[in-house]
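Protein chains get the first letters and strands the later ones, always in sequence-line order, with residue 1 at the start of each.
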Amino acid sequence: MASAVFDKGELNKQVGLILTSETLEHKIPMMGTPLERIEGNEIEFEIFPNRPELLSVEGFSRALRHFLRSEMYREYEAEKGKIELKVEKVPARPYIVGAVVRNIKIDDLTLKSLMQFQEKMHQTFGRNRQKVAIGVHDFDKVKPPFTYKAVKPESVKFIPLDFKEEMSLREITQKHPKGKDYGYIVENSDKWPLLVDAQGAVLSFPPIINGELTKVTTNTKNIFIDITGTSETAIRQSLNILCCLLADRGGTVESLRGDKNLLQVRKMKLDLDYASKLLDIDLKPAEVETYLNRMGLDFVDGQAIIPPYRTDIMHPMDLVEEIAIAYGYEKFQPELPRVPTTAIRDPRKEIVEGIRESMIGLGFQEVATFILSNKDDQFIKMNVSESLSAEVANPKTELYSICRKWLAPSMMKTFSENKHREFPQNIFEIGEAITADGKEHTKLAVGMCNTSVGYENISSILNSFMRSFGLQCVIRPMEHNSFLQGRVGEISVNGRPCGFVGEVSPAVISNWQVDNPVAMFEINIDEIFKPAN
Amino acid sequence: MANYRLTKEGKKYLDEGLPEKRLLRILPEEIGRIQKRIDTASIAVGQAKRRGWVRVDGVYTYLTPEGEKALNTKLPEELALEKIHSGDFSIDQGTLSDLIKRGLAEELRDDIVMEAQRQLQQHVQQLTPALIKSGLWKDASFKPYNVTAVGKSVYPGKRHLTSAFIRRARNVFLDLGFREVSGPMIDSQFWNFDSLFVPQDHPAREMQDTFFMKVPPSFELPDKKLVDSVRKAHEIGIKNSTGWSYSWDEKVAKKSVLRTHTTSVSARMLSQITPPAKIFCIGRVFRNETPDYKHLPEFTQVEGIVVDESVSFPQLLGYLKEFFWRMGFDKIRIRPGFFPYTEMSAEVEILYNGKWIEMGGAGILRPEVTEPLGITVPVLAWGLGLERLIMLRTGLSDVRDLYYKNDLEVLRKVVV
């Protein structure tokens, strides 16, 4: 979940409103940005992944100006510039776009905002810099034309940002913190990306680090932006967002020579009948214009105009959502459902309900445990040998690393967690176990724990259970290391083995640190109960 | 000395008279008619015959001279019945054993009587069979109990909290005419993500922390036509849409995960059905999160979709309101939200103790999801977390009490 933290004063200033707590807590979330917390002067909002432009205070305030103050649709334009960016073949990182922003006043707040925005973009939209990496440079420190090329890692040295000495690209990935974090992105190629000016001065080593040379400070007046990545669409979108942000700060955006796409606006046709039907309100063009304006879009001649910083509008359905948000989700009245269909029960669920009722009727308390388990619980503590199970590739904790194959361990676990509760403890669980092939098996496990409990108790319950379904079960002696030898049997119904019943072995009982004898049975429901189709 | 008492039958004869005596009073009479007039006709005739009181001639039964004498005397048996009833046991053994043989009197064993008399001497606590049988309960006085005191706890067989709520939620949707379905817990990324238009490289894919599976590592994809339409939607979009503009990788789609939502089941269903349809699924979903008081690695999601020409956003609100109202919450609201597969997305909240609490998400499925799956009408969809609802209804504050611990004291005491 991504979030943005803004300074209350800065936000008020940018929006041009004093944002009351009523507005912060109730109105702004209805725009699509839930409030996470307010702490002193800091306000944190959750930003959904499809609105990266809201990660900056400029983008967020812009949205609020439209939404809260009905500010009119604003056009962003790029002047046609002559600065050239030569792009050579860089297999490690093929795509690059750039732009120049002139006459911008950079104060401490703007600088801070810019840095934070870059970092957030890198983490989320940029997929940890792999997909998109943004570089911002003091334009006046270098001489165009710029060249983007691939070089051998040892062949070039420059002073990286915040350092004092020159390092080669290779050294940067070994010694510089950013190099250590992100070096993996380029390390597999034999030539690494580099952005230089006409005199060979290094602007940056994308996506790792900029040079100290072009560091942006409060003295910077003109900015050069470079954005590299693995997706042309994504880097273009990022460039648009950043340019709009700087334009809002007073800068003039200038496209590079030959770039016709910078700050291009998109148009999308919107069928008002389609929108009206989906929202069940009667939409007129003038209303739609008002609604879309509130969301920062425009509506002209049946077409929505989408500003360049919006990356989320992909289908007319997205426009319908914008209208609904501007109209106000809280204004929609719930309507009675109108689709006439009749209930259809899943027969397997009916069977499970019947089994549950039967066990409740026998006086047993149902328990519910996790399907995720671990080798210790499933095998070691139960005194059985390990067998292949469905296994998680990326467990966060060993506790939840495999899927359970049987429910008997859940019975023991429950008893071990209830040592100080009243006895007798008669429990059951009916649920899924998953085998290594990914198939699910519904099982019933029944456990009895008491100062005195034995085979005759559990087998009497097993027989009652079977009788209540009109089933005949046959028990044959079996070997099972979880149970006391000579006190465990294999259950068969209609000639098919489907479970086991017995007195749990004291070794297993001790493994679970339970103090009392335990008797249990477990049966495979799928084997015995087949839904009548 | 032994004690005796009349049986039920004995008391009846005491009141109505011995059957053989009643017979004597109505003679002479046709045999057939006798049965109509005396209910114990066979006993009456049997006894009368045995004692020589009646003579049968053809169809009729006649009184004999001995019978006539008996009619006008008090029989020893009649006297005995009266005596026993009043507690006088001075009766000759022969008559007594006759009565006993006929089941009209019974002997009270000494021990029962003694036991009853002994119990009587104390203040009677417990009513016993001895007191009942001996009739001595009439003389007993029973010690009053403190009826306001609570008896010992008895724990009934009971559903687990979660399955009780699952049943309730299930019934809400069945009552609304929905079809119940289920799907696999371990599924391919194709169904869990790709068919839902979640791009393979977008941060949205990690929005929910996912369990990726080592065993089984992958599943085969469904039929080629379906896979191709999903691929196209991702790469270039569908009519009127731009898609995600990247290169879709089949290998990634095959990889298996523990489903992060039951929406994978909805996707499967959409590829199989034709509208109109209302479908729901209540099942376990998995998130790779460390458990704490609010989060579990596994929990239950209530999923529903409505597929029809006529559906609209206000109707989505209608279903949500109906569900929550039937589950005990009558104030709901929705906020704009975000899910990669819905547009109209909403986060659903209910009012509880003055605060708005998030319960899940809902929306209209994106055409990029539904069209490749073969559906051209709008689809309403929602996925709600059941555990949070359970906690609000039962007042539990730690979600781990639901599966993690299975504390029998909690399970036994909580009102479901």
So which part of [X] gets closer than 4.5 Å to some heavy atom of chain A, the side chain, the backbone, both or neither?
{"X": "B:Lys158", "value": "both"}
{"X": "B:Glu309", "value": "both"}
{"X": "B:Arg159", "value": "both"}
{"X": "B:Arg170", "value": "side chain"}

Q) So do the side chains of B:Ser182 and A:Arg348 get within less than 4.5 Å of each other, counting heavy atoms only? A)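 With C-beta onward as the side chain, the pair touches.
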Q. Who wins among B:Phe173, B:Phe280, B:Phe219, B:Phe286 for the most heavy-atom pairs under 4.5 Å with chain A?
A.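 Ranked by contacts with chain A, first place is B:Phe286.
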**Q.** Selection from B:Ser163, B:Ser247, B:Pro378, B:Ala277 maximising heavy-atom pairs under 4.5 Å formed with chain A
**A.**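 Sorted descending by pairs with chain A, the first entry is B:Ser163.
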Q: Output the distance between atom NE2 (B:His160) and atom CD1 (A:Ile430), rounded to the nearest 0.5 Å.
A: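 Those atoms lie 14.0 Å apart.
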Q: Please round to the nearest 0.5 Å and tell me the distance separating atom CD1 of B:Ile282 and atom NZ of A:Lys349.
A: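 The CD1 atom of B:Ile282 sits 8.0 Å away from the NZ atom of A:Lys349.
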When you check the gap from the basic side-chain N to the acidic O, do [X] and [Y] get nearer than 4.0 Å?
{"X": "B:Asp201", "Y": "A:Lys131", "value": "yes"}
{"X": "B:Lys321", "Y": "A:Glu335", "value": "no"}
{"X": "B:Arg335", "Y": "A:Glu46", "value": "no"}

Which one, [options], leads in non-hydrogen pairs under 4.5 Å with chain B?
{"options": "A:Thr33, A:Thr233, A:Leu279", "result": "A:Leu279"}
{"options": "A:Met268, A:Met359, A:Glu353", "result": "A:Glu353"}
{"options": "A:Asp312, A:Leu278, A:Asp318, A:Thr414", "result": "A:Asp318"}

Q. side-chain hydrogen bond (donor to acceptor under 3.5 Å, both in side chains) between B:Tyr155 and A:Glu422: does it pass, once the steps are laid out?
A. CA-CA 10 Å; B:Tyr155 297 115; A:Glu422 277 178 59; 3.0 Å; yes
If you look at every heavy atom in [X] and [Y], which pair is closest and at what distance?
{"X": "B:Phe211", "Y": "A:Val392", "answer": "CD2-CG1, 3.6 Å"}
{"X": "B:Ile186", "Y": "A:Gly438", "answer": "CD1-CA, 4.2 Å"}
{"X": "A:Glu366", "Y": "B:Leu411", "answer": "O-CD1, 3.9 Å"}
{"X": "A:Phe48", "Y": "B:Pro336", "answer": "CE1-O, 3.9 Å"}

Q. Can you name the salt bridge (Lys or Arg N to Asp or Glu O under 4.0 Å) partners of B:Lys214, sequence neighbours left out?
A.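 Listed in chain order: A:Glu391.
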